[in-house]
Protein chains: 4
Amino acid sequence: MKKKEALVRTAARLFAERGYEGTTTAGIAREAGVTEPLIYYHFTGKEDLFNYILERAAETYSERLETLKADTRTQFEKIAKLIRLHFHIVEEMPHETYLIASACPARLSDPDSVCTRTVTSQRAWLKDFLSRCLKAGIRSGEFKKVPLEATVIVLIALLNAVLRQRVLGLEDVAGLPAATVEFCRRSLLKNSA
Amino acid sequence: MKKKEALVRTAARLFAERGYEGTTTAGIAREAGVTEPLIYYHFTGKEDLFNYILERAAETYSERLETLKADTRTQFEKIAKLIRLHFHIVEEMPHETYLIASACPARLSDPDSVCTRTVTSQRAWLKDFLSRCLKAGIRSGEFKKVPLEATVIVLIALLNAVLRQRVLGLEDVAGLPAATVEFCRRSLLKNSA
Amino acid sequence: MKKKEALVRTAARLFAERGYEGTTTAGIAREAGVTEPLIYYHFTGKEDLFNYILERAAETYSERLETLKADTRTQFEKIAKLIRLHFHIVEEMPHETYLIASACPARLSDPDSVCTRTVTSQRAWLKDFLSRCLKAGIRSGEFKKVPLEATVIVLIALLNAVLRQRVLGLEDVAGLPAATVEFCRRSLLKNSA
Amino acid sequence: MKKKEALVRTAARLFAERGYEGTTTAGIAREAGVTEPLIYYHFTGKEDLFNYILERAAETYSERLETLKADTRTQFEKIAKLIRLHFHIVEEMPHETYLIASACPARLSDPDSVCTRTVTSQRAWLKDFLSRCLKAGIRSGEFKKVPLEATVIVLIALLNAVLRQRVLGLEDVAGLPAATVEFCRRSLLKNSA
DNA sequence: GATGAATGAGTGTTCATTCAT
DNA sequence: TATGAATGAACACTCATTCAT
């Protein structure tokens, strides 16, 4: 039991550091302190182990997202919470978030890969969530009259950039989360200095 | 001569689609319509071919960036041009920009890799350029009083997101470049509706 | 376990017949009736396999040499035993002795190679052993007054020639061991017809 | 013209240092300061170049041997000259003599190789020459009554050891040629102290 | 004479995976 | 649960050699 968890944790770290193809089953086993065949006892293969990690991370991410649906006073407060949540996720699961940036790009050409399915469904969720927020905010006069679809895309790009901050080399500038929220607030809200 | 160029172009595409480790020298040769040893006639190895592609792309990118230094009326016009330039670069070198997102993350742990050196120096250039713009704009009253360092980081993240748009799955929403520019304008400029 | 020994034995033969560079890992595996990767399961590579064989042979050789230190009546009897021992070694480990002649010369330029280290230490042992014998024999009047150092070198050359007899094409002349011993006896002993 | 000679000289050195298989045509060309295809202009291939070197060396060796047939007072003087000649040959053609020790062993299994033919014919010449010397010397009472065939073999082994002195690691002991001659004189001559 | 470009065949080595225990 | 031994397929790379010029 403990060995399986060691396997998964080590694999997550190595997949993140070296990419999927750059990580060997021998390397995972060695660094996890187990033997190689044990991987095949717990998983059907390397791909299965990778997918397991990805799905676990996706599940955690989805659970966090669901908590945002609870009412909040303003629409922008919802968006602000969404942004802050992404900063938290990176702290909580650094390997897993890096892994998506490191190992997934090369797998997105396969529409059946777990990477593609995960990324697609998360994007759909974000798109829906942000569309509703913007629409409601614009209608109620909270937001400026921004173009709906394109602005949603810009916001999603910004959230992705946050998740990839280690890849992007975003140094740990103090107040980065706050600055990101403020950047968006000034751009969206009607009454901002 | 023509064969070398076929080699380089094919390699750029495959490295982008499959990542560095996921791309085989046999695959490059096959798809380029040449034999494998030709790679070793023109380059010292797979890594050398990869670096050659990266450095060529980095050079083109740097040249484009340098054109921005010419005077422009307002500070924001400089930033707007920078954003639009990144949208152009993606059109111009789609493989090379995807390649950086696909093959580089796993190589950034090595401080001596061409990936790391390229990314680092480009980030430094952008940081310097954006810092000057913001500082000047704030002093002259063109911009709101935004926190300097953190806002620079947010802008760089946004530029990176633009370069990685295919990785991020940013659909070809009409008017995305304009929307991105406007998103920033509203956030930065004092007199914006 | 049995497969590893088959690997080692076959490798010794092929290295001897074809030299180090002329022997391929594919050839070793084929003739040993195993697959190529097994070499890399038991050894870190071709070089490691080669060194293993060399070191095993060197160990056996050293053990045989040590048995000579036991008292013998005359100094020449010691030398005679040493010569006969070399004839025995060739019978006992034909591949390994040929291997040293076939695969080592090209490796002696590297001072850190196992070939160089092995050959050097064995030469030192022989030099020491023969020096003591000659010195004692000359002092006691058993030997003629031969120049010490140069004669030791001549004797070592002769021992090497014995080990390399197959390389040198020394046919199996009946009584060759005896003739070699007698050749030296006549040259060294005072009272020889 | 000069380039061909550079090619041959460099090749001789490299074949000696690295063995036949360990020497690459690219390496020869590089170190000779010419391009690879030039080898194929002057020779039909690597093997042909190797054989050319070997045959040139064998010719020189044979010419030297022929000079020994001229009358000399005693039989042992002939043998002494033969021994000294071998010490000279090593000085004169160090690469070529090392080459025979380094590259030939692995080729002696092929009876049609130039190595095999060269070595065989030289051995035959030496065997004939030494047999005549010993026979005459024993008949005339100059030599002790040594067993003919076996002693010839021992002497040939000693000559080979001289040629291979660099391989055998025989240090440049002062007076080694003289000591070798004396070693044999004491063993063969009737009236030696 | 001499070379830049190119290649078919093979090199040592590593991979994810399996199997008997 | 767990492993030591083993493997088929592929890997990056090198070889001696050729050919058009």
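To find a chain, count down the sequence lines: A is the first, B the second, and so on, and within it residues start at 1.
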Open item on the list: Please determine whether a side-chain nitrogen or oxygen atom of Thr25(C) lies at a distance below 4.0 Å from atom OP1 or OP2 of dG12(E).
Closed with: yes

Task: Short side-chain N/O contact from His42(C) to OP1 or OP2 of dA6(F), under 4.0 Å - done: yes

Open item on the list: Quick one: does any side-chain atom of Thr118(A) pair with a main-chain N or O of Ala58(A) as donor and acceptor, under 3.5 Å?
Closed with: no

[X] [atom1] - [N] [atom2] separation (whole Å):
| X | N | atom1 | atom2 | result |
| --- | --- | --- | --- | --- |
| Arg18(A) | dA16(E) | CZ | C1' | 16 Å |
| Glu36(A) | dT18(E) | CD | P | 12 Å |
| Ile39(B) | dA12(F) | CD1 | P | 9 Å |
| Phe43(D) | dT17(F) | CZ | P | 13 Å |
| Tyr40(B) | dT11(E) | OH | C1' | 12 Å |
| Lys4(C) | dG4(F) | NZ | P | 14 Å |
| Lys2(B) | dA5(E) | NZ | C1' | 14 Å |
| Tyr41(C) | dA6(F) | OH | C1' | 8 Å |

TODO: Describe the nucleic acid contact of Thr23(D) in one word from base, sugar-phosphate, nothing, applying a heavy-atom distance below 4.0 Å.
DONE: sugar-phosphate

Task: Base-pairing assignment for dA16(F) (Watson-Crick or G-U wobble, both under 3.5 Å) - done: dT7(E)

- [ ] State the pairing partner of dT21(F); accept Watson-Crick or G-U wobble contacts with both distances under 3.5 Å, and report none otherwise.
- [x] dA2(E)

Task: Arg13(A) charged N/C atom sitting above Tyr98(A) aromatic ring, 6.0 Å / 45° - done: no

TODO: Establish, yes or no, whether the cationic atom of Lys4(C) lies under 6.0 Å from the six-membered ring centre of Tyr41(C) and within 45° of the ring axis.
DONE: no

Open item on the list: Both Gly33(B) and Thr24(A) contact DNA chain E. Which one's nearest nucleotide lies toward the 5' end?
Closed with: Gly33(B)

Open item on the list: Need to verify one output field. Residue with the more 5' nearest nucleotide on DNA chain E, Pro37(B) or Ala26(A)?
Closed with: Pro37(B)

Task: Separation between CD of Glu47(B) and CG of Asn51(B), rounded to the nearest 0.5 Å - done: 5.0 Å

Open item on the list: Starting the side chain at C-beta, find the nucleotide from dA6(F), dA2(F), dT13(E) nearest to Lys46(C).
Closed with: dT13(E)

- [ ] Starting from the 5' end of DNA chain F, give me the residue, Gly27(B) or Leu38(C), whose nearest nucleotide shows up first.
- [x] Leu38(C)

Open item on the list: Tell me which one of Glu36(C), Lys46(C), Arg30(C) satisfies side chain to side chain donor-acceptor pair (under 3.5 Å) with Thr25(C).
Closed with: Glu36(C)

